[in-house]
Colleague: 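The following block contains the structure, expressed as structure tokens.
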Amino acid sequence: MDIDACLQQAGEFGPAQKRIYYLVNLMNVLAAMQTLAPAFISYEPEWTCSSQSPPEEQQTSLQRCTAFEEGHCRPHYLSGYTTVVTEWDLVCRWSYLPKISQSAYFVGMMFSCWSLGSLAERIGRKKVYFLSIGREWASVMAGWLLQCTSSRWS
């Protein structure tokens with residue numbers, strides 16, 4: 001039997017198949033957003049020391065970090081980007097923190113793959129899949145809610 005005969009016997013790619021296809025790939029879109037987000041929200045823009053007199057003087061990163069860690073200056077970011085690095089001044093000795101958040105995300109993904117794979121063997125793939133979608137949406141909504149309310153608290 002060739003592929004055309006198999007497709008003719010199985011039927012065309014109709015509305016039911018399209019619904020299933022989009023539902024299955026919904027999780028991939030959410031996972032892609034979560035995976036790519038740290039690349040944008042933890043970007044470290046170029047910066048100089050704000051107390052530097054004259055500002056045109058070139059500083060090495062070691063000079064900037066030494067002045068920052070000794071409390072002689074605050075970072076002045078040269079771009080208009082607002083990221084977690086600019087919000088909490090995660091530069092110099094704190095620059096590893098955004099990278100740890102990405103690593104923690106992937107450790108969580110690894111644990112989820114292991115635990116949900118075992119759970120899928122017990123209760124079925126479809127139930128675990130919908131559980132994963134629900135958990136992902138709950139996490140997104142909780143993050144959105146925290147983001148909306150945190151600006152009102154400060």
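Keep in mind it's a predicted model, so treat the numbers as computed, not measured. Numbering starts at 1 and runs along the sequence shown.
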Colleague: Using side-chain heavy atoms (C-beta onward) and a distance below 4.5 Å, is I123 in contact with L131?
Modeller: no
Colleague: Looking at every non-hydrogen atom in both residues, tell me the closest pair between R74 and D89 and how far apart they are.
Modeller: NH2-OD2, 2.9 Å
Colleague: Grab the two heavy atoms, one from S42 and one from V85, that are nearest each other, plus how far apart they are.
Modeller: O-CG2, 3.5 Å
Colleague: Are L97 and W88 connected, step by step, through hydrophobic side chains (Ile, Leu, Val, Met, Phe, Trp, Tyr) whose heavy atoms are closer than 4.5 Å?
Modeller: yes
Colleague: Is the number of heavy atoms from other residues, nucleotides or ligands within 6.0 Å of CZ (F13) greater than 12?
Modeller: yes
Colleague: Hey, can you pull the donor-acceptor pairs under 3.5 Å for the side chains in residues 107-115, sequence neighbours left out?
Modeller:
from	atom 1	to	atom 2	distance (Å)
S112	OG	G108	O	3.0
S115	OG	F111	O	3.0
S115	OG	S112	O	3.4

Colleague: Under a 4.5 Å side-chain heavy-atom rule over Ile, Leu, Val, Met, Phe, Trp and Tyr, are Y81 and V91 clustered together?
Modeller: no
Colleague: Hey, does the side chain of Q17 reach the backbone of G14 with a donor-acceptor pair shorter than 3.5 angstrom?
Modeller: yes
Colleague: Just distance, no hydrogens or angles: give the donor-acceptor pairs under 3.5 Å from side chains in residues 18-30, sequence neighbours left out.
Modeller:
from	atom 1	to	atom 2	distance (Å)
N25	OD1	N28	ND2	2.9
N25	ND2	Y21	O	3.1

Colleague: Ring-plane angle category for W47 and Y77, please: parallel below 30°, perpendicular beyond 60°, tilted otherwise.
Modeller: tilted
Colleague: Do you know which two heavy atoms are closest between S132 and L116, and how far apart they sit?
Modeller: OG-CD1, 3.3 Å
Colleague: Minimum heavy-atom separation for L90 to E44, with atom names?
Modeller: O-OE1, 4.4 Å
Colleague: For I100, what residues pass the side chain to side chain contact (heavy atoms under 4.5 Å, CB included) criterion, not counting sequence neighbours?
Modeller: Y96
Colleague: Could you see if W94 belongs to whatever hydrophobic cluster contains V84? Use Ile, Leu, Val, Met, Phe, Trp, Tyr and a side-chain cutoff under 4.5 Å.
Modeller: yes
Colleague: Looking at side-chain heavy atoms only, is the closest gap between Y43 and T86 below 4.5 Å?
Modeller: no
